[in-house]
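What follows is a short report on a single structure.
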Amino acid sequence: MSSDRATIAPAAPALDRGGEADARRVLKEKGLRYSRPREAILAYLREKDRHVSAESLYLELKKRGEDLSLSTVYLNLAALTEAGLVCEFKGANGESLYDSNVTPHYHVVCRETGEILDVPAPMVDGKPLGLYLKEHIERTTGWQVDEPQFSLSGLSPAAQRR
């Protein structure tokens with residue numbers, strides 16, 4: 001790997017905030033319907049960059065007058081994650097969190113405060129690190145590899161000052 005050039009890509013923007021048409025197209029391609037619960041969930045997640053649990057999302061949508069059950073939120077988050085419209089990752093306590101930013105990036109989670117920092121994916125030979133590793137391993141082993149998942153944790157600057 002010594003001849004590979006690794007760089008940090010500039011911060012990638014979250015998905016288009018007005019991407020209802022794109023969401024409809026992606027869901028249709030995956031054989032899934034665009035429904036009112038999915039619309040409400042995506043609208044909330046696309047308002048601004050945020051990392052939310054299913055439970056906190058459910059409570060926020062309830063405050064907005066959405067008539068959804070917690071199980072409906074869980075089921076739709078799973079479908080949106082499978083379709084690639086939402087990213088699922090683990091928070092500080094191992095709880096699943098959801099992010100509408102599906103561009104190549106990683107999350108660094110403070111093990112003390114739970115603070116989450118989005119970090120752009122390093123690029124290797126012009127590819128995000130995860131894709132580079134996937135292709136490299138497939139090429140050298142013959143395995144078919146899922147997209148690698150990275151879990152990064154540490155101490156935020158605020159936690160270090162304590």
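The figures here come from the full heavy-atom set of this structure, side chains too, leaving out hydrogens, waters and symmetry mates.
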Value rounded to 0.5 Å, distance of [atom1] in [X] from [atom2] in [Y]:
| X | Y | atom1 | atom2 | answer |
| --- | --- | --- | --- | --- |
| Tyr34 | Leu27 | OH | CG | 8.0 Å |
| Leu32 | Leu80 | CG | CG | 8.5 Å |
| Tyr132 | Asp125 | OH | CG | 5.5 Å |
| Thr81 | Asn76 | OG1 | CG | 10.5 Å |
| Leu117 | His51 | CG | NE2 | 8.5 Å |
| Leu85 | Ile41 | CG | CD1 | 11.5 Å |

Polar side-chain atom of [X] near backbone of [Y] as donor-acceptor pair, under 3.5 Å:
| X | Y | answer |
| --- | --- | --- |
| Ser56 | Val52 | no |
| Thr113 | Cys110 | no |
| Glu112 | Leu155 | no |
| Arg38 | Arg33 | yes |

| task | Identify whether Leu75 and Leu59 are in the same connected component of the hydrophobic contact network (ILVMFWY, side-chain heavy atoms under 4.5 Å). | result | no
| request: Is it possible for you to say whether Val26 and Leu42 belong to one hydrophobic cluster, with membership spreading through side-chain heavy-atom contacts below 4.5 Å? | output: yes
Results of salt bridge (charged side-chain N to carboxylate O under 4.0 Å, His left out) for [X] - residues two or more places apart only:
| X | value |
| --- | --- |
| Arg24 | Glu20 |
| Lys90 | none |
| Glu88 | none |
| Glu95 | none |

| request: Return yes when atom CD of Gln144 has more than 12 non-hydrogen atoms of other residues, nucleotides or ligands closer than 6.0 Å, and no otherwise. | output: no
| request: Look at Lys127 together with Glu135 and state whether they make a salt bridge at an N to O cut-off of under 4.0 Å. | output: yes
So which heavy atom on [X] is nearest to which on [Y], and how close?
| X | Y | answer |
| --- | --- | --- |
| Pro148 | Leu133 | CG-CB, 4.3 Å |
| Ala92 | Gly114 | CB-CA, 3.8 Å |
| Glu115 | Ser156 | OE1-CB, 3.3 Å |
| Val73 | Ala54 | CG1-O, 3.7 Å |

| request: Take the angle between the ring planes of His107 and His105 and call it parallel below 30°, perpendicular above 60°, tilted in between. | output: perpendicular
Could you list the residues that satisfy side chain to side chain donor-acceptor pair (under 3.5 Å) with [X], not counting sequence neighbours?
| X | value |
| --- | --- |
| Gln149 | none |
| Tyr74 | Glu55 |
| Tyr44 | Arg50 |

| With a cutoff of under 4.5 Å between side-chain heavy atoms, which Ile, Leu, Val, Met, Phe, Trp and Tyr residues group with Trp143? | Ile137, Val145
| task | List, by chain and number, the other hydrophobic cluster members for Phe89, where Ile, Leu, Val, Met, Phe, Trp and Tyr join if side-chain heavy atoms come within less than 4.5 Å, directly or indirectly. | result | Leu97, Val109, Ile116
| query | Which residue pairs satisfy the salt bridge (charged side-chain N to carboxylate O under 4.0 Å, His left out) criterion with at least one member in residues 138-151, sequence neighbours excluded? | reply | Lys134-Glu138
| query | With sequence neighbours left out, what residues match Phe150 under ring-ring contact (aromatic ring centres under 6.0 Å, His included)? | reply | Tyr106
| field | Of all pairs that satisfy side-chain hydrogen bond (donor to acceptor under 3.5 Å, both in side chains), the ones with a partner from residues 58-69, not counting sequence neighbours | value | Arg36-Glu66, Glu47-Arg64, Glu60-Lys63, Ser69-Ser71, Ser69-Thr72
